[in-house]
Asker: 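Take this structure, written in C-alpha cells, and hold onto it; I'll ask about it next.
Protein chains get the first letters and strands the later ones, always in sequence-line order, with residue 1 at the start of each.
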Number of protein chains: 2
Amino acid sequence: MQFEFTQLEQFTKKVLTKIGCPETDAATAAKVLLAADLRGVDSHGVARLSGYVRLWEAGRINVKPKIRITHETPSTAVVDGDAGLGLVVAPFAMQVAIDKAKTAGTGWVSVKNSNHYGIAGIHAMEALKQDMVGISLTNASPLVSPTFSKERLLGTNPISVAIPAGKQPPFVLDMATTTAANGKLEILQRKQQEAPFGWIQDKDGKPSQSPFAVKEGGALLPLGGDREHGSHKGYGLGSVVDIFSAVLSGANYGPWVPPFVAFLEPHPHPVGEGLGHFFGAMRVDAFRPAEEFKDHMDNWIKRFREAEPVTGQEKVLIPGDPERELETERRQHGIPLLEPVVNDLKDLGERLGVDWVRK
Amino acid sequence: MQFEFTQLEQFTKKVLTKIGCPETDAATAAKVLLAADLRGVDSHGVARLSGYVRLWEAGRINVKPKIRITHETPSTAVVDGDAGLGLVVAPFAMQVAIDKAKTAGTGWVSVKNSNHYGIAGIHAMEALKQDMVGISLTNASPLVSPTFSKERLLGTNPISVAIPAGKQPPFVLDMATTTAANGKLEILQRKQQEAPFGWIQDKDGKPSQSPFAVKEGGALLPLGGDREHGSHKGYGLGSVVDIFSAVLSGANYGPWVPPFVAFLEPHPHPVGEGLGHFFGAMRVDAFRPAEEFKDHMDNWIKRFREAEPVTGQEKVLIPGDPERELETERRQHGIPLLEPVVNDLKDLGERLGVDWVRK
C-alpha cells in the first residue's frame, strides 16, 4: 500500500501532539522520522511510531523535555536531552554544532539522556545548507557482538558524513557499522530466506544463516563479518561511535544502552543517562574557500561516478545516490507500507483518537 | 633476523641526515617510521626507507621543507607540507591540532603537499599525552576499487582513533578501510598461498584469490569485500578519508594521488599538491571532567575485555591490544626483518656511506 508523504507526516504529528509533545517538537520529530521512509530506511521510519509511543507509556520518554547545554568550550558542547525524543533532541544538538562552527570553524556536540534519533543521515545533512560538512553518530540497543565475543555489547551504531558539493548532489554516507542492518534481516524473515554468512552469529557465537538467529539470542556481526574479512575493523568503528556518543557525554554505553522496545527493561544499574549521540559540523571555508572546495568535490564525484564499472553493473554509485533517488520517487509516488505496519498505525490512531489517513 | 630497535633507529636517522634532512627532522622521521616496525605493521616501517630515498632521488621529496600554516580559524588549520617527508609533516600538523584544542576545545588540521606518513596510529597517539582523543587519516596511492568499479580510485586510506583511559591502556584503533592491507598480500605472495575471497579483484573486476592479482592490474577491495557484505560502507569510509585529507586541504585525491614508488610517475595533470592527511584532537575535558571520562573508559574497556569469548577464542581484544603487546616484545627482543629487506638496507647504507648495524 502506498501513502502520501504529507498524509503520513500529518498523522505522525497528530499522534505526537496527542501524547503531549509541543506543536513545534511534533513537527520536527515527524519530519525526522519520515525522512527514514523517504530515504528507504523503512525500519527506522513511521513503522517505529508506535514503539516511541510505548516508550512514552512506559515513562521512558519525556514529551516536554528541557533540552540544555551542560558544558561548553568554543568548539564543543555537551547536551542533556532530558529524556526527550531523540527525534527532537538531535536537531537541537546538531544546531548547537552548526552555531559553534560559525564562530570557531568547527562544532562538536556529545549528547546524553536522549532516545533513538531516527536515521543518522538526516541530522548530518542539516550542515549542508550552511556549506558545512556534517557528522552524525549514535549508539543504540546492544545487538552486535564484538569480534570473538559471544555477548552482544554494541548497537548497529551508525556513522553518517554529509559533504556539500557544487553542481553535483552532495556526498551523504549513512551506514551502520555492521555488515547488514537489522531491517534487512526482517525482510529475510518475512520471505523465509537465509542470510549470507557474515551477517549474523547464533547464540553460541557460531556463524549462522538463519534470519531468526538474532531474535533467538544470537547477534549481528560487525562490518567485515569475521576476523579474516576485517570484522575487528567494524567492531572498532562501532566502538568509536559508542565512546564518542556516550563516554564523552555521560550517557549509557555498550551493554548498558537502554533497549528501544518498551517490553525490555533498561539495565538495573545504568552507567549514564539514556543513550548518546555525537554531532560534528565543519565549515568548509574554515579550510579553503567554499567555491574552490565545491568545485573539487564536483570533480571528485564526477570522476568516481564515471569510473568503468565491472561486468554486470551499470555504474559506480556515490554515497547518497540510492537514497536520493528513492526520495524523489517516494515524494512523487508515495511511501509503501507493509500491511502489518498499516494495521499497527491504525490501531495506534484508534487508541489515541487520531484519524488514520484516507486512501 | 632480529635487530635492536635503537640500532635500526640510528641507521634510519643517519640515512636521512645523509640525504640532507636536518638532525631534528631525521630524529622525528626515524621515530615515526620505526613505530610501524615496533607495532607490527612491517610493510610501513624501515622496509620502506629505501623507497623514501628513491623518492628524494627522483626530486619528489624536499628534505628541507618550510612547513607552514596557510589558513586557520580558532579550531582549524590547513598545513602546507612543502613536499617534505610525511614522517615530518604529520607530527608538525598533529601538534597544530593539539595546540588548537588547548584553547578551542578541539583542533582539526587538513594537510596538503605531503608524502606518506608511516602508520596512522602513531600520530593519533600523540594526543593521548594531553588527555585528548587523537584522530589521524591519510589518503594514499590508488590501489582500491570502489564497489562495482573496475578502476582503482582510492588508497587503503587508514583511520586511526586514539582514546585515553585511566588505569587501562588506551584504546587505539588503527585500520585500513580495506578488507586486508597490502602487507598481508605480500606475506601470501612469499608463501605462495591463496587469499580468501573478499580481499581482491582481478583486472577485469572479478573476485580473485591470487595474491598477485593487484600487481597484475587488479585491486584491493573496500572493507566488506562485496556489496552483499557491505563493501559500499568500506568504500564510503575510504572516500571520507580521501575528501577530508585532500579536498579540504588542496592535495591530490582519488586516482590523482602520487604513487609511493619512484618508478611510477605522478599524474601528468594533478588536481592538487602532493598527498593529504587529516588530523583531529579533542580535549576530553572539553566534554566532561577528564578523570570522570577516564574512569568510564576503564569501565568500558574492562567490560569488553571480559566478554564471554566464542568457542576456540581465548578472549575479546580491545583495539590496540595486539600492537601494544607486540611493541613490548619487540622493544625487548628486537625487530625481525626479512632477508630481502636487510639486503636492501645494506645496499642503501653502502650507497650513501652509512654503516649497517652490527649484529
Asker: Flag the pair A:T73 / B:R283 as yes when at least one side-chain heavy-atom distance between them is below 4.5 Å, and no otherwise.
Answerer: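 Result yes, sub-4.5 Å side-chain heavy-atom pair found.
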Asker: Please report the interatomic distance NE2(B:H296) to CG(A:L248), rounded to the nearest 0.5 Å.
Answerer: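 Interatomic distance, B:H296 NE2 to A:L248 CG, rounded to 0.5 Å: 12.0 Å.
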Asker: State, with a plain yes or no, whether a side-chain heavy atom of B:L317 is found less than 4.5 Å away from one of A:Y235.
Answerer: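 No, every pair of side-chain atoms sits at 4.5 Å or beyond.
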Asker: Taking all atoms of both residues into account, what is the closest heavy-atom pair of A:R288 and B:A246, and its distance?
Answerer: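 Taking A:R288 first and B:A246 second, the nearest heavy atoms are NH1-O, 4.1 Å.
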Asker: Okay, side chain of A:K233, backbone of B:A176: is any donor-acceptor separation there less than 3.5 Å?
Answerer: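 Checked: pair present.
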Asker: Under 4.5 Å heavy-atom distance to chain A, tell me which part of B:S110 shows up: side chain, backbone, both or neither.
Answerer: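 Contact with chain A: backbone and side chain both.
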Asker: Just so I understand: if I count every heavy-atom pair under 4.5 Å between each of B:D174, B:I159, B:V161 and chain A, which residue has the most?
Answerer: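 Heavy-atom pair counts peak at B:V161.
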Asker: Tell me, for B:Y253 versus chain A, whether the close heavy atoms (under 4.5 Å) come from the side chain, the backbone, both or neither.
Answerer: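 The side chain, not the backbone.
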Asker: So, do A:M297 and B:I243 sit near enough that their side-chain heavy atoms are less than 4.5 Å apart?
Answerer: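 Yes, side chains in contact.
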Asker: Which atoms of B:R305 come close to chain A, meaning under 4.5 Å heavy atom to heavy atom: side chain ones, backbone ones, both, or neither?
Answerer: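 For B:R305, there is no contact with chain A at all, as no heavy atom is under 4.5 Å.
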Asker: Which answer fits B:H71, side chain, backbone, both or neither, if we ask what part of it has an atom under 4.5 Å from a heavy atom of chain A?
Answerer: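 Side chain only.
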Asker: Relative to chain A, which of B:S149, B:G224, B:G236 shows the most heavy atom pairs under 4.5 Å?
Answerer: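 If we count pairs closer than 4.5 Å to chain A, B:S149 comes out on top.
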Asker: Any non-hydrogen side-chain atom of A:V271 less than 4.5 Å from a side-chain atom of B:W300?
Answerer: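 A:V271 does not reach B:W300 side chain to side chain.
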Asker: Could you report the tightest heavy-atom contact between A:T147 and B:V316, atom names first, then the distance?
Answerer: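 Smallest heavy-atom distance, with atoms named: O-CG1, 4.0 Å.
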Asker: Using a cut-off of under 4.5 Å for heavy-atom pairs, which of B:G320, B:G250, B:G254 has the most such pairs with chain A?
Answerer: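 The option with the most such pairs is B:G250.
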Asker: Are B:P146 and A:F304 side-chain neighbours, meaning at least one heavy-atom pair lies under 4.5 Å?
Answerer: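 They are in side-chain contact.
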Asker: Name the region of B:F171, side chain, backbone, both or neither, that has any atom closer than 4.5 Å to a heavy atom of chain A.
Answerer: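 Looking at B:F171, just its side chain touches chain A.
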Asker: Can we say A:E151 and B:R303 salt-bridge, meaning some charged N sits less than 4.0 Å from an Asp/Glu carboxylate O?
Answerer: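 A salt bridge is present here (some side-chain N lies under 4.0 Å from a carboxylate O).
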Asker: Using a 6.0 Å cut-off, check whether atom NZ of B:K302 has over 12 heavy atoms from anything other than its own residue.
Answerer: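 Open.
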Asker: Has A:K102 got more than 12 heavy atoms of other residues, nucleotides or ligands less than 6.0 Å from its NZ?
Answerer: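 Counting neighbours around NZ of A:K102, more than 12 heavy atoms of other residues, nucleotides or ligands fall under 6.0 Å, so yes.
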Asker: Let me know if B:A101 has heavy atoms under 4.5 Å from chain A in its side chain, its backbone, both or neither.
Answerer: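 Neither part; nothing is under 4.5 Å.
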Asker: Kindly compute the distance separating CG (B:D321) from NE2 (A:H232), expressed to the nearest 0.5 Å.
Answerer: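 So the gap between those two atoms works out to 12.5 Å.
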Asker: Determine whether A:S75 and B:T106 satisfy the following criterion, side-chain hydrogen bond (donor to acceptor under 3.5 Å, both in side chains), listing intermediate values before the conclusion.
Answerer: CA-CA 6 Å; A:S75 73; B:T106 66; 2.7 Å; yes
Asker: Among B:I318, B:D285, B:L237, which has the most heavy-atom pairs under 4.5 Å with chain A?
Answerer: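 Ranked by contacts with chain A, first place is B:L237.
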Asker: Please look at B:L221 and chain A and tell me whether the side chain, the backbone, both or neither of the residue comes under 4.5 angstrom of a heavy atom of that chain.
Answerer: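 For B:L221, neither part sits under 4.5 Å from chain A.
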Asker: About how many Å separate OG1 of A:T311 and NZ of B:K206, when rounded to the nearest 0.5 Å?
Answerer: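 Taking NZ in B:K206 and OG1 in A:T311, the distance rounds to 5.5 Å.
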Asker: Is B:K100 close to chain A through its backbone or its side chain, or both, or neither, when contacts mean heavy atoms under 4.5 Å?
Answerer: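 Neither part.
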Asker: Taking side chain as everything from C-beta outward and backbone as N, CA, C, O, which of these in A:I135 sits under 4.5 Å from a heavy atom of chain B? Side chain, backbone, both or neither.
Answerer: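 The answer is the side chain of A:I135.
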Asker: Considering only heavy atoms and a distance below 4.5 Å, find which of B:G230, B:G205, B:P74 pairs most often with chain A.
Answerer: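 Sorted descending by pairs with chain A, the first entry is B:P74.
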Asker: Examine whether an atom of A:R227 lies under 4.5 Å from a heavy atom of chain B, and if so say whether it belongs to the side chain, the backbone or both; otherwise answer neither.
Answerer: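 Interface part for A:R227: side chain.
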Asker: Could you tell me which portion of B:L173 (side chain, backbone, both or neither) has an atom closer than 4.5 angstrom to a non-hydrogen atom of chain A?
Answerer: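 The side chain, not the backbone.
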Asker: Which one of B:A307, B:A286, B:G272, B:G105 has the most heavy-atom pairs closer than 4.5 Å to chain A?
Answerer: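 Among the listed options, the one with the most contacts to chain A is B:A286.
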Asker: Non-hydrogen atoms of chain B under 4.5 Å away: do they reach the side chain of A:I163, the backbone, both or neither?
Answerer: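 Only the side chain of A:I163 comes within 4.5 Å of chain B.
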Asker: What part of B:T103 gets closer than 4.5 Å to chain A, counting heavy atoms only: side chain, backbone, both or neither?
Answerer: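 The answer is the backbone of B:T103.
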Asker: Heavy-atom distance under 4.5 Å to chain A: side chain of B:P309, backbone, both or neither?
Answerer: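 Both backbone and side chain.
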Asker: I'd like to check A:E314 versus B:F148 (side-chain heavy atoms, cut-off strictly below 4.5 Å). Are they in contact?
Answerer: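 No, every pair of side-chain atoms sits at 4.5 Å or beyond.
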Asker: For residues A:P196 and B:H229, determine if any side-chain heavy atom of one lies less than 4.5 Å from a side-chain heavy atom of the other.
Answerer: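 The answer is yes; the side chains approach within 4.5 Å.
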Asker: With the side chain counted from C-beta on, respond yes when A:N299 and B:W256 share a heavy-atom pair under 4.5 Å apart, and no when they do not.
Answerer: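 With C-beta onward as the side chain, the pair touches.
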Asker: Kindly indicate, with the supporting measurements, whether the criterion ring pair (Phe, Tyr, Trp, His ring centres under 6.0 Å) is fulfilled by A:W108 and B:W108.
Answerer: CA-CA 11 Å; A:W108 307 89; B:W108 306 88; 4.1 Å; yes
Asker: If you tally heavy-atom pairs under 4.5 Å against chain B, which of A:V78, A:V240, A:V247, A:T179 wins?
Answerer: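 When all of A:V78, A:V240, A:V247, A:T179 are compared, A:V247 has the most.
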Asker: Heavy-atom pairs under 4.5 Å with chain B: which of A:S239, A:S231, A:G107, A:S145 has the most?
Answerer: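 Ranked by contacts with chain B, first place is A:S239.
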